[in-house]
Amino acid sequence: MVNNSAKEVRVRFAPSPTGDLHVGNIRTALFDWAYARHTGGKLIFRIEDTDRERVTDEYIARAIETLRWLGLQWDEGPEVGGQYGPYLQSQRLDIYTQWAQTFLKNGDAYNCYCSTEELEARREKQRELNQAPGYDGKCRSLSAAEIAEFEAQGRKPVIRMRMPDGETRFNDLIRGEVVFEHKYVPDFVLMRADGSPLYTLAVAVDDVLMKITHVLRGEDLLSSTPRQIRVYQAMNVKPEDYPLFAHLPFVMGQDNAKLSKRNGEVSIAWYREQGFLPEAICNYLALLGWSPGDDRENISMQELVELFTVERVNSSPARFDMKKLEAINGDKIRALTIEDFLSRALPFLLKDGVITGTENEIEVVKSALPIIQERIARMNEVTAMLKFLFVDQVEFEAESAQKISEEPSQHVIAKALEVLAGLNEWKHDQIEAKLRAALLDELGLKPRVAFGPVRIAVTGSHISPPLFESMELLGKDRSIARLKAAVR
RNA sequence: GGCCCCGUCGUCUAGUGGCCUAGGACUCUGGCUUCUCAAGCCAGCUACGAGGGUUCGAAUCCCUUCGGGGCUGCCA
């Protein structure tokens, strides 16, 4: 194969944002990024918006925002510019037109006057005859008279690439040598009658013009590779200057189908709202189709850059597993410093209306974070965990309300109230000592039986952060008030 | 249908002819710890799709077969 090692590596991430970037897109972006960084090359971010009916400015803006949030910095592309721009294909239309005209002039492409309906009818026939459906070459060599006839009918031609006889073979970095015989690669459309380009034209022209050396993309594009190579040939690019291809395995949903709404959320925006940390998403996604080679699974972005090679990318598809993402997210949360944890928790607390953002509230949150850090797997759980600290009175869930109204519970709470009222130093260890002495030693209760009712009275739920620390955080007055309120 | 890609525990993976009676992680189950929930620790369950070769020896190489997926567009 060709030696590209002398050249600077230039990798591109080129999504077509027809919606929010999804898990598969991001896995590709992550690998593109990691490969560029690992090799000391450049990451080029290009927007493939040749289909403006489906790609909107809103989606483009969201894609940019998502990549930034994940920390996948690009060296050239929207907002940062670069010498090979513009990086939005919708702004490069004249370039594609020029090349299409060149192909026409050189005989590599030809005008095709077949209408969509005619094409569809002929394809249907091919299927009936059990032939491979595809363009039949009807307009390949039209006479001047035939062209005049079509023009007279008012037909507007599309520009179609001529696929020569033979085959295309290339060395996929992940799959090895792949061969496509051209009889299975029909002539394809480069440009619509209205002059707008198709993906196959734009992608190949831009990869060449932007001097892309490596194309790491989804495996669904594998079979379109011969068409791109055909465009390189028509552009007169030397084979040694073709980019190297690496087709990444799919990321699938639970049931062996492509990841979709039905079997797990796909939109990265959703994961962000749920409180998944960007570094956790990247760590997990890195493990889908790639592995460092040893038993390491907790991988930082820095380590990913150091360790990532295409050679270590798998060729088989991977299933997305929310449980494992959550486990990794929990690990990452536990590894956060309190300051970092705080800055990431605040947006959720604010958004959910738990706090308004006063200094005092933030102080309380900060002091409460240590006791909930190992108890959450998603950042949005901080709301449920800390809400009891910021409400005037807790609301009991049905089961807890029932439990606390029962006689044994009432007895416990009365006792707690009695011993706690006189406690001057309201510290968790003091509170614990008092309650243990009164409820365990004196009343002879089991810890679970003793502390359960108190927990419900104070936090509103039978599941909560550690009780004594919670009471300290709440303060004496409010803790006592809640115990009183729990008495019938 | 045709072409192309893929096939190790439920899932992600390690594994490139002997180190594999197949390792790790997530999940699940049981236990320990314990003020609830977590976290942590310990233990356990479960895999080389099948069939033929090649070889002293195969998860690793070859063939066949079965299964899954992609493409087959004036989508990308």
Side-chain angles (χ1 to χ4, degrees), chain A residues 14-18 48-51 53-55 112 114-116 119-120 123 126-127 129-135 157-160 172 174-175 178-181 183-186 188-194 196-200 202-203 217-226 247 249-250 252 254 256-258 284 287-298 314-328 330-331 334 371-377 385 432 435-436 439-440 446-452 454-456 459 461-470:
Chain A
S16 180
T18 53
E48 311 238 328
D49 57 344
T50 51
D51 184 354
E53 303 214 337
R54 296 171 61 213
V55 179
C112 172
C114 299
S115 70
T116 308
L119 255 18
E120 190 43 55
R123 260 196 291 270
Q126 287 170 323
R127 268 189 281 265
L129 296 170
N130 227 347
Q131 295 171 333
Y135 189 66
V158 300
I159 299 175
R160 198 179 277 277
D172 188 278
I174 293 170
R175 288 148 216 282
V178 182
V179 184
F180 288 91
E181 291 184 57
K183 59 179 171 182
Y184 303 119
V185 186
F188 54 97
V189 175
L190 296 167
M191 195 159 260
R192 299 185 181 91
D194 67 2
S196 62
L198 273 93
Y199 167 79
T200 330
V203 71
R217 42 134 62 152
E219 123 173 47
D220 48 333
L221 270 347
L222 183 60
S223 49
S224 84
T225 307
H247 288 94
F250 281 121
M252 300 188 302
Q254 319 282 317
N256 237 10
K258 271 184 107 167
Y284 175 63
L287 265 15
L288 251 33
W290 175 85
S291 78
D294 51 31
D295 288 337
R296 257 188 292 188
E297 294 217 315
N298 190 319
N314 269 112
S315 51
S316 51
R319 237 119 346 217
F320 184 86
D321 181 7
M322 183 81 78
K323 283 278 185 23
K324 182 142 183 173
L325 203 212
E326 221 166 58
I328 289 176
D331 285 341
R334 270 168 251 130
I371 63 172
I372 66 165
Q373 190 162 19
E374 66 186 25
R375 294 184 161 70
I376 61 172
M385 283 286 184
E432 177 168 7
L435 289 179
R436 278 185 186 278
L439 306 178
L440 269 42
K446 293 256 188 245
R448 173 183 289 268
V449 183
F451 302 133
V454 180
R455 181 188 309 284
I456 293 171
T459 70
S461 169
H462 64 285
I463 298 173
S464 82
L467 179 60
F468 315 116
E469 283 84 347
S470 296

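Chain naming here is simple, since letters A, B, ... match the order of the sequence lines and numbering starts at 1 in each. Excluded from the calculations below are hydrogen atoms, water molecules and symmetry mates; all remaining heavy atoms, backbone and side chain alike, are included.
On the C1' atoms, B:rG68 is 25 Å away from B:rA25, given to the nearest whole Å. Annotation: B:rC41 and B:rG49 have their P atoms spaced 32 Å apart (nearest Å). Atom P of B:rU27 sits at a distance of 15 Å from the matching atom of B:rC12, rounded to the whole Å. Only the P atoms considered, B:rU60 is 12 Å distant from B:rC48, to the nearest whole Å.
Side-chain atoms of A:Arg375 come within donor-acceptor range of the base of B:rC37, with a qualifying N/O pair under 3.5 Å. Applying the 3.5 Å distance criterion, the base of B:rC35 shares a donor-acceptor pair with the side chain of A:Arg455.
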Notebook entry, point to check: So A:Leu288 and A:Phe250, side chain to side chain contact (heavy atoms under 4.5 Å, CB included) or not? Walk me through it.
Noted result: CA-CA 9 Å; A:Leu288 251 33; A:Phe250 281 121; over 6 Å; no
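A:Phe250 places its CZ atom 13 Å from the P atom of B:rC6, with the value rounded to the nearest Å.
Remark: B:rA58 base-pairs with no nucleotide in the shown strands. Criterion, Watson-Crick or G-U wobble with two distances under 3.5 Å. For B:rA14, there is no paired base (Watson-Crick or G-U wobble, both distances below 3.5 Å). B:rG7 is paired with B:rC66 under the criterion used here, namely a Watson-Crick or G-U wobble arrangement in which both key atom distances are under 3.5 Å. Pair assignment for B:rC28: B:rG44, on the basis of Watson-Crick or G-U wobble contacts that are both within less than 3.5 Å.
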